[in-house]
Peer 1: 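Pasting a structure below so you can have a look.
Heavy atoms only: backbone and side chains are in, while hydrogens, waters and symmetry mates are out.
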2 protein chains.
Amino acid sequence: MKSVEQPASESLSGAGQRYHHGDLAPALVQAAREILETEGLSKLSLRAAARRAGVSQAAPYHHFRDKTALLAAVAAEGHRTFTRAMVEGMSQAGTDPAERLVACGVAYVDFATHNPGLFRLMFGGTIEQCEIFPDLVAAGAASYRVLEDTVAALTPGQSEPEALQIQALDAWSTVHGLAMLMIDGGLDPVHYGLDSTSDLTRALLRRRLTPLSC
Amino acid sequence: MKSVEQPASESLSGAGQRYHHGDLAPALVQAAREILETEGLSKLSLRAAARRAGVSQAAPYHHFRDKTALLAAVAAEGHRTFTRAMVEGMSQAGTDPAERLVACGVAYVDFATHNPGLFRLMFGGTIEQCEIFPDLVAAGAASYRVLEDTVAALTPGQSEPEALQIQALDAWSTVHGLAMLMIDGGLDPVHYGLDSTSDLTRALLRRRLTPLSC
DNA sequence: GATCAAATCTTGACAACGTTAAAATAAGAT
DNA sequence: ATCTTATTTTAACGTTGTCAAGATTTGATC
């Protein structure tokens with residue numbers, strides 16, 4: 001009476017509804033991620049994620065303690081792809097430290113505008129007491145380190161570490177604020193005589209990094 | 001059999017539960033605001049706000065179409081006090097345009113750190129389709145204009161308006177990002193050798209406004 | 001002042017949600 | 001083959017957003 005032996009390949013292929021899903025935790029994370037981007041945070045319920053993954057309402061509780069825990073997993077995964085996006089964006093920017101920082105910032109803002117729901121989940125305070133999710137904290141710290149390192153490369157001979165940190169914070173605040181304003185504040189690049197949000201980000205960062213010639 | 005004639009003074013005095021509240025809409029906004037800061041957004045339900053205002057669960061629907069409409073009212077009111085905070089902060093900063101901008105930024109970030117829940121509601125994308133609430137849009141635009149004007153005062157002889165707008169956006173992004181990171185990212189001023197978030201904001205903005213002496 | 005319409009509030013209900021408990025089923029070890 | 005454990009389901013509880021129907025108050029009109 002066994003069902004056909006499938007090698008745990010699930011995805012969307014077939015309606016094979018075996019009792020044990022086999023890989024439910026990642027499937028729930030992906031389902032939640034999809035709902036987040038297509039329907040928004042308000043439509044992202046645990047039950048909806050379970051439905052999308054093809055399991056019952058209570059199944060997620062064997063893999064996540066809470067709804068918040070699932071959201072934390074989504075956010076952590078988001079931070080990892082976010083980190084990758086920044087690294088990749090910089091790798092195409094050559095070797096000039098300033099241009100690399102610009103590319104990092106552009107990747108930062110691009111990620112936010114392309115995944116607004118996810119970005120808000122990662123930074124928007126939706127997940128209360130996020131410090132109790134070590135995975136999330138680590139992923140967030142790693143993504144910050146990319147930006148910090150990029151800023152550090154900008155001023156090689158920096159003696160005092162506090163100045164560097166302030167500089168990194170400055171860069172971080174700028175791109176983070178820009179990202180937030182673009183996805184929430186209804187910022188329109190055309191209003192600045194530019195075509196895309198990427199161009200606006202680039203213009204803003206370039207202007208910053210090349211102080212008035214003196 | 002009339003109850004004692006009270007001149008519509010409500011507040012918290014007495015348990016006078018007359019059938020008509022008299023001023024329910026503002027009372028609900030304030031109740032929501034209080035819940036937001038004391039218990040967080042997740043505990044802010046329409047029913048909880050109604051309970052706190054001393055009315056039944058369905059009473060709010062005679063003053064707000066939705067839960068979202070109530071949130072929008074809270075956010076709009078937040079933007080107005082936010083605007084006032086920035087104006088007042090600048091008024092104590094003298095006449096130097098740069099110092100006024102710094103004061104504006106400090107007020108911006110201070111407001112966020114003192115009212116994190118409200119600030120997130122104002123900017124965090126919680127209110128979907130916020131463009132359908134004209135009051136909210138107007139209040140938000142007014143708060144932005146304060147910052148824009150302050151930046152404009154910084155460079156009096158600015159010919160092209162686009163350059164000014166980019167400059168304003170730069171300033172806005174920075175303080176906004178800083179505010180967001182402080183309430184969500186767990187930014188610690190001590191980590192930068194400073195005592196308070198205000199000091200950190202000031203240090204960052206001053207550094208920005210005084211380019212490396214040349 | 002009596003009457004009537006509008007505004008305001010309440011009770012009661014419904015579906016959806018987060019969450020838990022108990023029971024059912026599959027997987028793996030002995 | 002049996003037993004233990006992990007996984008999933010069904011059923012249920014309390015809470016929420018929201019609506020419909022009825023009750024109460026207010027204010028205008030005669």
Peer 1: Without placing hydrogens or testing angles, list every side-chain donor-acceptor pair under 3.5 Å for residues 60-69 of chain B, not counting sequence neighbours.
Peer 2:
from	atom 1	to	atom 2	distance (Å)
K67(B)	NZ	L44(B)	O	3.1

Peer 1: If you look at every strand shown and take non-hydrogen atoms under 4.0 Å, does S56(A) touch a base, only sugar-phosphate, or nothing?
Peer 2: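 Answer is base: heavy atoms of S56(A) come under 4.0 Å of a base.
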
Peer 1: Show which side-chain atoms of residues 103-111 of chain A pair as donor or acceptor with protein atoms under 3.5 Å away, not counting sequence neighbours.
Peer 2:
from	atom 1	to	atom 2	distance (Å)
Y108(A)	OH	W172(A)	NE1	2.9
Y108(A)	OH	H176(A)	ND1	2.9
D110(A)	OD1	S198(A)	OG	2.9
D110(A)	OD2	S198(A)	OG	3.3

Peer 1: Given atom CG of L71(B) and atom C1' of dT18(D), what is their separation to the nearest angstrom?
Peer 2: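 So the two atoms are 15 Å apart, to the nearest Å.
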
Peer 1: Go nucleotide by nucleotide along DNA chain D from the 5' end; which of D66(B) and H63(A) gets its closest nucleotide reached first?
Peer 2: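 Taking each residue's closest nucleotide, the earlier one in sequence belongs to H63(A).
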
Peer 1: Does Q57(A) get its side chain close enough to the base of dA16(C), under 3.5 Å, for a donor-acceptor pair?
Peer 2: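 No pair found.
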
Peer 1: For Y61(B) and dT18(D), what is the distance between atoms OH and P respectively, to the nearest whole Å?
Peer 2: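 So the OH-P distance, Y61(B) to dT18(D), works out to 4 Å.
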
Peer 1: Measure from the side-chain heavy atoms of R47(A) and tell me the nearest of dG18(C), dT16(D), dT10(C).
Peer 2: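 Shortest atom-to-atom distance from the side chain points to dG18(C).
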
Peer 1: Rounded to whole Å, please give me the gap between CG in L28(B) and P in dT8(C).
Peer 2: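 Those two atoms, CG and P, are 12 Å apart.
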
Peer 1: Tell me: CG of L44(A) to P of dA16(C), nearest whole Å?
Peer 2: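 Those two atoms, CG and P, are 17 Å apart.
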
Peer 1: Name the closest nucleotide to the K67(B) side chain, picking from dT18(D), dG18(C), dC9(C).
Peer 2: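 It is dT18(D).
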
Peer 1: Could you please name the option among dT11(C), dA12(D), dT8(C) that lies closest to any side-chain atom of A58(B)?
Peer 2: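 Taking heavy atoms from C-beta onward, the closest nucleotide is dT11(C).
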
Peer 1: How long is the line joining CZ of F64(B) and P of dT16(D), in whole Å?
Peer 2: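 Atom-to-atom, F64(B) to dT16(D), this comes out as 18 Å.
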
Peer 1: What is the distance from CD of E39(A) to P of dC17(C), rounded to the nearest Å?
Peer 2: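 The distance from CD of E39(A) to P of dC17(C) comes to 11 Å, rounded to the nearest Å.
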
Peer 1: Would you say R65(A) places a side-chain N or O within less than 4.0 Å of OP1 or OP2 belonging to dT20(C)?
Peer 2: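 So the side-chain polar atoms of R65(A) never come under 4.0 Å of the phosphate oxygens OP1 or OP2 of dT20(C).
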
Peer 1: Can we say R80(A) and D135(A) salt-bridge, meaning some charged N sits less than 4.0 Å from an Asp/Glu carboxylate O?
Peer 2: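 D135(A) and R80(A): salt-bridged.
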
Peer 1: Are E34(A) and R52(A) within salt-bridge range, i.e. N to O under 4.0 Å?
Peer 2: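 Salt bridge between E34(A) and R52(A), a charged N being under 4.0 Å from a carboxylate O: yes.
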
Peer 1: Is any side-chain nitrogen or oxygen of R51(B) closer than 4.0 Å to OP1 or OP2 of dT16(D)?
Peer 2: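 Yes, within the criterion.
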
Peer 1: May I have the distance from E128(B) (atom CD) to dG17(D) (atom P), rounded to whole angstrom?
Peer 2: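 Computing the E128(B):CD to dG17(D):P distance gives 14 Å.
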
Peer 1: For this output row, return yes or no: ring centroids of H79(B) and Y144(B) closer than 6.0 angstrom.
Peer 2: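 No, the ring of H79(B) stays outside the 6.0 Å limit from the ring of Y144(B), centre to centre.
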
